[in-house]
Amino acid sequence: MFDNQYEQLRIEKSKNLASIGKSPYPHNITRGIPTTEFIKKYDYIQTQENKRDESKSEKVIGRIKFLRLMGKAAFLKIEDSHGLLQCYVSQNALGDWFVDVKKLIEVGDIVAVEGFPFVTKTGELSLNAKSLELVTKSIVPLPEKFHGLKDIELRYRRRYLDMIMNQEVKSNFIIRSKMIKEIRNFFDDKNFMEVETPMMHEIAGGANARPFVTHHNSLGVDRFLRIAPELHLKRLVVGGMESVYEINKNFRNEGMDHTHNPEFTSIEFYQAYSNYKDLMRLTEELFDHLRKKLEIEEIIEYNGKKVNLSTPFKEISFKNALIEIGEIDANILKDTKSIEEFLKSKKIDFKPGLSRAKLYEELFDNFVEKKLINPTYITEYPIEISPLSRRDDEDSSIAQRFELFVAGSELANGFNELNDPLDQYDRFLDQINIKNSGDDEAHAMDEDFVRALGYGMPPTAGEGIGIDRLVMLLTNSTSIRDVILFPAMKPVANEDTIEVE
RNA sequence: GACCCGUUAGCUCAGCUGGUAGAGCAUUUCCCUUUUAAGGAAGUGGCCGUUGGUUCGAAUCCAACACGGGUCACCA
């Protein structure tokens with residue numbers, strides 16, 4: 001660790017500072033004013049004749065990003081979370097300490113500078129330092145000042161360094177933070193209650209996905225990291241929380257790519273005595289709210305495509321989407337055999353023996369999903385691929401469900417919750433059969449959940465929205481890694497493995 | 001999982017048809033009190049991702065593997 005030649009040199013400097021009574025890591029530091037405020041506050045100096053105001057004194061703290069030494073004076077640019085400020089330090093002002101500063105303070109260190117505002121010959125408003133104190137010594141050198149850190153892998157693995165070197169990466173995360181805050185405000189204003197349900201589940205349910213397994217030592221049992229909060233949130237509706245939501249992580253033990261991180265954030269919300277149509281309207285309202293609060297245009301660009309976010313969103317049934325958007329002949333949809341022939345003619349691989357609903361899903365994924373650019377609700381899903389949603393009263397093969405697609409991918413999934421405990425029990429049994437026939441992502445039986453429904457869950461509609469995908473859409477990010485601060489990465493062979501002598 | 005591309009100094013990158021490693025920045029020493037990627041002079045710095053193979057000789061050619069990026073597939 002820290003055995004690189006440059007790091008060794010910096011550690012030497014750090015020790016030298018300590019030896020002359022300058023702690024490399026002092027902790028009695030008080031904040032000054034932000035760099036941007038300094039620039040705003042003293043803008044008037046530009047208009048003054050002597051271009052300086054020695055009667056003023058300000059303290060600014062930041063990391064040294066540029067350092068230009070010139071014998072008995074130096075310019076340094078320091079950066080805080082707001083921006084950059086140029087400071088001028090000289091031997092006249094600092095005395096003997098300046099000699100040590102020249103030798104021991106360098107780019108990457110965090111310093112506190114105090115002095116008066118002035119404008120340099122080249123016209124830049126700067127701080128003329130009367131004092132400079134080390135705040136934190138940096139012993140790992142920063143990447144090159146001009147090209148910065150470009151290596152995408154390093155940027156994800158060392159996000160802190162990415163943030164130091166690339167100020168703009170923070171903007172996505174600022175938008176993300178604001179967005180989540182506004183989602184909370186939106187639901188709180190509608191009298192929803194925010195809750196936290198377990199991350200460690202006895203039975204991982206609520207979605208079709210493989211879970212991560214962990215172990216509880218004192219109980220001596222394995223636990224699953226949750227794949228969805230759904231079944232717990234519905235238990236809360238049974239218990240009397242008529243409007244609840246949870247914004248939190250889910251974990252799915254599946255492949256990673258630019259739209260999938262093994263841990264991701266979603267919001268799920270449930271509202272008793274409302275139906276999925278109400279939630280479709282609520283979702284539109286939420287989009288309008290976010291656009292307004294985050295000042296996002298009605299028409300945004302995502303991955304080179306124009307996306308019109310104006311409400312209400314388009315709405316089309318699952319089957320009609322196959323015919324009208326997927327441009328699949330309605331006759332093909334009539335039986336499994338002709339669908340299979342159609343898929344083969346399009347050279348699409350599929351597992352043999354799929355049901356018609358599963359084949360529909362195949363068709364949807366291949367011919368419809370990517371064409372759904374402007375927000376579109378797909379409704380009337382086959383019941384078989386909707387094991388937790390209520391059947392339609394007129395057509396029992398159809399679920400009272402919708403999914404929202406934007407820019408070619410799914411963003412939200414909502415439906416009238418199945419509250420018939422016997423039907424739910426049978427659907428779990430069906431899922432178990434599906435699981436036994438090889439689909440290890442089918443649901444497991446959750447008897448406690450069925451029991452909860454047995455006590456009576458009021459008619460309820462629920463919905464989940466993928467937060468990461470939503471941030472991607474609103475920040476025009478094509479990789480989920482650009483909206484997750486510390487995205488999952490494969491471990492890399494560690495050269496610094498500690499050797500035991 | 002398949003295919004394509006990448007991996008060379010701390011960082012950003014050159015390195016042709018094989019002949020034994022380069023630049024800029026950073027860093028070290030020196031000069032320099034208004035610079036803007038400051039400037040000038042002289043240095044230091046490399047398991048060329050890993051492991052094999054071909055060859056008199058490999059950063060370079062071949063293979064496998066690792067990690068990353070992209071496209072597709074799978075998956076919500």
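Computation of the quantities below employed the complete heavy-atom set of this structure, encompassing side-chain atoms and omitting hydrogens, waters and symmetry-equivalent molecules. Per chain, numbering begins at 1; letters A, B, ... match sequence-line order.
- Annotation: of the two residues near RNA chain B, F264(A) and S479(A), the 5′-most nearest-nucleotide partner is S479(A).
- Using a 4.0 Å heavy-atom criterion, one finds that Q86(A) contacts the bases of the nucleic acid, with or without backbone contacts as well.
- Within a 6.0 Å radius of CG in N50(A), more than 12 heavy atoms belonging to other residues, nucleotides or ligands are found.
- Seen from the ring of F486(A), R159(A) does not count as a face-on cation partner, given the 6.0 Å and 45° thresholds.
- Residue K103(A) has its side chain nearest to U29(B) when only G69(B), U34(B), U29(B) are considered.
- Between F449(A) and F428(A), the angle of the ring planes goes over 60°, which puts this pair in the perpendicular group of the 30/60° scheme.
- In E196(A), the CD atom is not crowded: 12 or fewer heavy atoms of neighbouring residues, nucleotides or ligands sit closer than 6.0 Å.
- The phosphate of U27(B) (OP1 or OP2) has no side-chain N or O of R10(A) nearer than 4.0 angstrom.
- Remark: the N416(A) side chain and the R391(A) side chain contain no N/O donor-acceptor pair separated by less than 3.5 Å.
- Ion pair E79(A)/R63(A) not flagged as a salt bridge, since none of the NZ, NE, NH1 or NH2 atoms sits closer than 4.0 Å to an Asp/Glu carboxylate oxygen.
- Look at N4(A) and you'll find a side-chain N or O under 4.0 angstrom from OP1 or OP2 of G10(B).
- Whole-Å rounding puts the R155(A) CZ to U7(B) P distance at 19 Å.
- The P atoms of A58(B) and U20(B) are separated by 12 Å, rounded to the nearest whole Å.
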For nucleotides 40-46 of chain B, which of its nitrogen or oxygen atoms have a protein nitrogen or oxygen under 3.5 Å away, and what is each distance?
{"residue": "G45(B)", "atom": "O2'", "partner": "Q5(A)", "partner atom": "NE2", "Å": "2.2"}

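- The side chain of R157(A) has G68(B) as its nearest neighbour among G68(B), U35(B), U33(B).
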Protein N or O to nucleotides 11-14 of chain B N or O, pairs below 3.5 Å:
{"residue": "C11(B)", "atom": "O2'", "partner": "E144(A)", "partner atom": "N", "Å": "3.4"}
{"residue": "C11(B)", "atom": "O2'", "partner": "G148(A)", "partner atom": "O", "Å": "2.7"}
{"residue": "U12(B)", "atom": "OP1", "partner": "K150(A)", "partner atom": "N", "Å": "3.1"}
{"residue": "U12(B)", "atom": "OP1", "partner": "D151(A)", "partner atom": "N", "Å": "2.9"}

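- If you check every strand for non-hydrogen atoms under 4.0 Å, M489(A) touches sugar and phosphate atoms only.
- For L9(A), taking side-chain heavy atoms from C-beta onward, the closest of the listed nucleotides G69(B), U33(B), U28(B) is U28(B).
- For R226(A) and E202(A), the salt-bridge test fails: no basic side-chain N is under 4.0 Å from an acidic carboxylate O.
- Taking a pair to require two hydrogen-bonding distances under 3.5 Å in either a Watson-Crick or a G-U wobble arrangement, U27(B) pairs with G43(B).
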Got a list of protein N/O to nucleotides 73-75 of chain B N/O distances below 3.5 Å?
{"residue": "C74(B)", "atom": "OP1", "partner": "E362(A)", "partner atom": "OE2", "Å": "3.4"}
{"residue": "C75(B)", "atom": "O3'", "partner": "E441(A)", "partner atom": "OE1", "Å": "2.5"}
{"residue": "C75(B)", "atom": "O2'", "partner": "E254(A)", "partner atom": "OE1", "Å": "3.2"}
{"residue": "C75(B)", "atom": "O2'", "partner": "E254(A)", "partner atom": "OE2", "Å": "3.2"}
{"residue": "C75(B)", "atom": "O2", "partner": "H260(A)", "partner atom": "NE2", "Å": "2.7"}

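- By the 6.0 Å contact criterion, NZ on K170(A) is enclosed, its count of non-hydrogen atoms from other residues, nucleotides or ligands being greater than 12.
- The aromatic rings of H201(A) and H232(A) lie tilted to each other, with the angle between the two planes from 30° to 60°.
- Dashed line: the shortest gap from a side-chain N or O of K490(A) to OP1 or OP2 of C67(B) is under 4.0 Å.
- Below 30°, between 30° and 60°, or above 60°: for F367(A) and F342(A) the angle between ring planes is between 30° and 60°, a tilted geometry.
- Going from atom CG of L69(A) over to atom P of U34(B) covers 13 Å, rounded to whole Å.
- For K130(A), the NZ atom sits in a packed shell: over 12 heavy atoms of surrounding residues, nucleotides or ligands are nearer than 6.0 Å.
- As rounded to whole Å, 14 Å separates atom C1' of C5(B) from atom CD of E153(A).
- A64(B) is paired with U50(B) under the criterion used here, namely a Watson-Crick or G-U wobble arrangement in which both key atom distances are under 3.5 Å.
- Summarising the local packing, CE of M200(A) is surrounded by 12 or fewer heavy atoms from other residues, nucleotides or ligands at distances under 6.0 Å.
- Listed candidates were U33(B), U35(B), A26(B). Nearest to the side chain of K145(A) is A26(B).
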